[in-house]
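Worksheet: the structure to be examined is printed underneath.
The figures that follow rest on heavy atoms only: side chains count, while hydrogens, waters and symmetry mates do not. Values in this document were obtained by computation on a predicted structure and should not be read as measured data. Letters A, B, ... are given to chains in the order of the sequence lines, protein chains preceding strands, and every chain is numbered from 1.
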Amino acid sequence: MDALTILRDGGDPVALARGLIGRKFLVAGAGGLIVETEAYSRDDAASHSFRGPRTANAAMFGPPGTIYVYRSYGLHWCLNIVAAPGAAVLLRALAPTHGLDVMAERRGPVPPHLLCAGPGRLARALGVTGVLDGASLFGPPFALGPGIDAPAVLTGPRIGISRDTERPWRFGLSGSRSLSRPFPKASH
DNA sequence: ACAGAGATCATCT
DNA sequence: GATGATCTCTGTG
């Protein structure tokens with residue numbers, strides 16, 4: 001199923017995670033091409049939705065297109081897009097194309113390809129914080145547009161989790177220099 | 001290149 | 001009291 005269809009009607013977070021690779025994502029005019037994502041489902045021990053709705057994860061149980069922002073390790077922000085109630089896609093990395101100056105200001109002196117190479121870095125560069133938790137992808141400050149036509153997508157295990165570690169639910173744009181980490185060899 | 005530590009806090013055990 | 005969907009800096013090889 002197409003990513004835009006899932007966002008409109010709801011659907012599989014794995015299909016959405018794969019389908020978002022190569023698309024353009026902007027927050028208030030800053031952003032770039034999505035080059036890395038991860039899927040988290042409702043019955044997934046690694047997912048924040050696994051133990052059911054809480055105050056902190058309420059947005060993850062919203063309708064498709066809801067933005068779920070959580071604080072990671074007490075200090076970073078991470079941004080998700082809801083695919084269906086309790087299921088979402090973590091945006092892990094972008095290849096910067098728009099608002100390089102603003103993002104560099106927020107991130108400090110780092111090489112351009114590292115501006116958004118990681119979920120915490122991405123949120124920082126785009127100015128994403130908890131105030132956007134629960135917002136809708138379909139309105140300002142967000143913009144999702146077309147990008148690469150038929151991207152070559154890599155698949156691999158998710159990063160930084162300790163439960164359900166075997167699910168191959170991390171996706172990346174083949175050949176991108178802006179990945180948070182390389183993919184294991186022979187992942188297609 | 002790789003390993004370890006510190007930052008920092010809401011949620012869970 | 002421990003644990004994260006992390007990042008950065010520092011020390012060593």
Taking 4.0 Å as the cut-off, does a side-chain nitrogen or oxygen of A:Arg51 come that near to OP1 or OP2 on B:dT13? yes
Side-chain contact check for A:Arg107: nearest option of C:dT8, B:dC12, C:dA5 is C:dT8
*B:dA10 and C:dT8: how far apart are their C1' atoms, nearest whole angstrom?*
23 Å
If pairing means Watson-Crick or G-U wobble with both distances under 3.5 Å, then the partner of B:dA10 is C:dT3
A:Arg124 CZ: over 12 foreign heavy atoms closer than 6.0 Å = no
| query | What does A:Ile161 touch in the nucleic acid at a heavy-atom separation under 4.0 angstrom: a base, only the sugar-phosphate, or nothing? | reply | sugar-phosphate
### Task
With heavy atoms under 4.0 Å as the rule, sort A:Arg181 into base, sugar-phosphate or nothing.
nothing
key: Residue-phosphate contact under 4.0 Å: A:His76 side-chain N/O, C:dC7 OP1/OP2   = no
> How far does the P atom of B:dA5 sit from the matching atom of C:dA2, given to the nearest Å?
Replying inline: 16 Å
Examine the base of C:dA5 for any acceptor or donor lying under 3.5 Å from a partner atom in the side chain of A:Tyr70, and report the outcome as yes or no. yes
- Query: Are A:Asp101 and A:Arg107 within salt-bridge range, i.e. N to O under 4.0 Å?
  - Reply: no
With a 4.0 Å cutoff (strictly under), does any side-chain N or O of A:Arg163 reach OP1 or OP2 of C:dT3?
no
Would you please determine if the base of C:dA5 is stacked by A:Tyr40, with stacking meaning a centroid separation under 5.5 angstrom and planes under 30 degrees? yes
**Asked** Across the strands shown, which category fits A:Ser180 at heavy-atom distances under 4.0 angstrom: base, sugar-phosphate, nothing?
**Response** nothing
Does A:Ala46 reach a base, just sugar-phosphate, or nothing at all? Heavy atoms under 4.0 Å. base
Thinking salt bridges, do A:Asp12 and A:Arg18 make one under a 4.0 Å N-O criterion?
no
Cationic N near anionic O, under 4.0 Å, A:Glu38 to A:Arg92 = yes
